[in-house]
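Here the structure comes first, spelled out in structure tokens, and everything after it is commentary.
Source: prediction; values computed, not measured.
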Protein chains: 2
Amino acid sequence: MSKSLTDPSPTQTVACCSPLASEPLSADSAERIAPVLKALADPVRLRLLSLVASHADGEACVCDLNDAFDLSQPTISHHLKVLHEVGLLGRSKRGVWVYYRVQPQALADLGALIGGVAR
Amino acid sequence: MSKSLTDPSPTQTVACCSPLASEPLSADSAERIAPVLKALADPVRLRLLSLVASHADGEACVCDLNDAFDLSQPTISHHLKVLHEVGLLGRSKRGVWVYYRVQPQALADLGALIGGVAR
DNA sequence: TGCATGCATCGATCATCATCTATGTCAGGA
DNA sequence: TCCTGACATAGATGATGATCGATGCATGCA
């Protein structure tokens, strides 16, 4: 409710755990990881994240993102919020515009957790 | 409806795409990837996959998995079916028992897609 | 000060999902 | 042949989620 606009990691990342296949996941860890995956598990959010990640300077304005979808502005805003809340996207406001950028470490941690690459 | 019990990859895996952060994901790719992530994005299914993956011989009997959760047998069966349908778990029946095993390549592909490791 | 623009929040709606109980199916043993 | 045990399927229900239109809140400009 009182989060700073520039807060880089609103929630904990997934850097907590060894890869899925290396040892049984605790119930607690699973409860912590699932929301991050759930945030990613939507076609629109996947494309949003990918768009932001591959944008010049690694960040993108909401106005640009809106135009890439046939969805209402509130819907895009909602999806960006979901990605921001789990720590996959950072957010900064400059003037009237809001820019989102990926958090590379969060993405790398998640990839390692799933792919089994040593942490 | 007519899937073989031993079918190793009921659906396409995620080996289709370059990493999320390397270029904007197409709408089609996103629609294909999201269901796999959605299958993973549940605490119970995360633990199930992890349990199977870290089990001796890389496979586990449903009876063992049931005992690890405070959930009904049909619920566990449902979750296993979800993981199987997206190609994350393989399945084989021996006698009265059914064994599930991870599909390492599917997991690796997914990890690379997210983590950005070159495919 | 007043207005337009960029984005977030609110409240509603329809769809999807996790879970349950009940039941079906199939294999093995008495 | 009948029964038991292992697992899947069916149908119902309460919860969560994706989306929208309406509205609120800043910022910058005239």
Problem set entry | A:Leu37 CG - D:dG17 P separation (whole Å) | 14 Å
For this session: Check whether more than 12 heavy atoms from other residues, nucleotides or ligands sit under 6.0 Å from atom CG of B:Asp67, and answer yes or no.
Result: yes
Problem set entry | Nearest-Å distance for atom pair NZ/C1', residues A:Lys38 and D:dA15 | 11 Å
Exercise. Which nucleotide sits closest to the side chain of A:Ser77: C:dA8, D:dG17, C:dA18?
Worked result: C:dA8
Seminar exercise, completed: B:Arg91 atom CZ is separated from D:dA6 atom C1', nearest whole Å, by 13 Å
Problem set entry | Among D:dA22, C:dT19, D:dA26, the nucleotide that comes nearest once only the side chain of A:Pro74 is considered | D:dA22
For this session: Please confirm whether the backbone N or O of A:Ser50 pairs with a side-chain atom of A:Ser54, one donor and one acceptor, at under 3.5 Å?
Result: yes
For this session: State which of D:dT9, C:dA8, D:dA8 makes the closest approach to the side chain of B:Lys81.
Result: D:dT9
Seminar exercise, completed: Testing C:dC20, C:dA8, D:dC7 for proximity to the side chain of B:Ser72, the answer is C:dC20
Exercise. Please give, in whole Å, the distance from C:dC7 P to A:Leu48 CG?
Worked result: 13 Å
Exercise. In whole Å, what is the span from the CG atom of B:Leu80 to the P atom of D:dT9?
Worked result: 11 Å
Problem set entry | Given D:dT27, C:dC7, D:dC7, the nucleotide with the shortest approach to the side chain of A:Lys93 | D:dT27
Exercise. Once you round to the nearest 0.5 Å, how far does CZ of A:Arg45 lie from CG of A:Leu83?
Worked result: 6.0 Å
For this session: Would you mind classifying the nucleic acid contact of B:Tyr100 as base, sugar-phosphate or nothing, using non-hydrogen atoms under 4.0 angstrom?
Result: sugar-phosphate
For this session: Using side-chain contact (heavy atoms from CB on, under 4.5 Å) as the criterion, list what pairs up with B:Ala21, not counting sequence neighbours.
Result: A:Ala53
For this session: Return the nearest nucleotide to the side chain of A:His79; candidates are D:dT19, C:dC7, D:dG28.
Result: D:dT19
Exercise. Could you state the CD1-P distance from A:Ile76 to C:dG6, rounded to the nearest angstrom?
Worked result: 16 Å
Problem set entry | Of the listed nucleotides C:dG6, C:dA8, D:dA18, the one nearest the side chain of A:Asp42 | D:dA18
Exercise. What is the distance, rounded to the nearest whole Å, between atom OH of A:Tyr99 and atom P of C:dA8?
Worked result: 13 Å
Exercise. Hey, which of these two, A:Leu71 or B:Cys63, hits DNA chain D nearer its 5' end, going by closest nucleotide?
Worked result: B:Cys63
Exercise. With respect to the side chain of B:Trp97, which nucleotide from D:dT27, D:dA18, D:dA6 is positioned closest?
Worked result: D:dA6
Problem set entry | Quiz item: B:Gln73 side-chain donor-acceptor pair to D:dA6 base, under 3.5 Å | no
Exercise. Looking at the side chain of B:Thr75, which of C:dC7, C:dC20, D:dA8 is the nearest nucleotide?
Worked result: C:dC20
For this session: Please determine if A:Glu59 and A:Arg94 form a salt bridge, counting it only when a charged side-chain N lies under 4.0 Å from a carboxylate O.
Result: yes
Exercise. Contact class for B:Arg94 (heavy atom, under 4.0 Å): base, sugar-phosphate, or nothing?
Worked result: nothing
For this session: For B:Glu85 and D:dT9, give me the distance from atom CD to atom C1', rounded to whole Å.
Result: 12 Å
Problem set entry | Transitive ILVMFWY side-chain link B:Ile76 to B:Val82, under 4.5 Å | no
Exercise. Taking the side chain of B:His78 as heavy atoms from C-beta outward, which of C:dT9, C:dT19, D:dA8 is closest to it?
Worked result: C:dT19
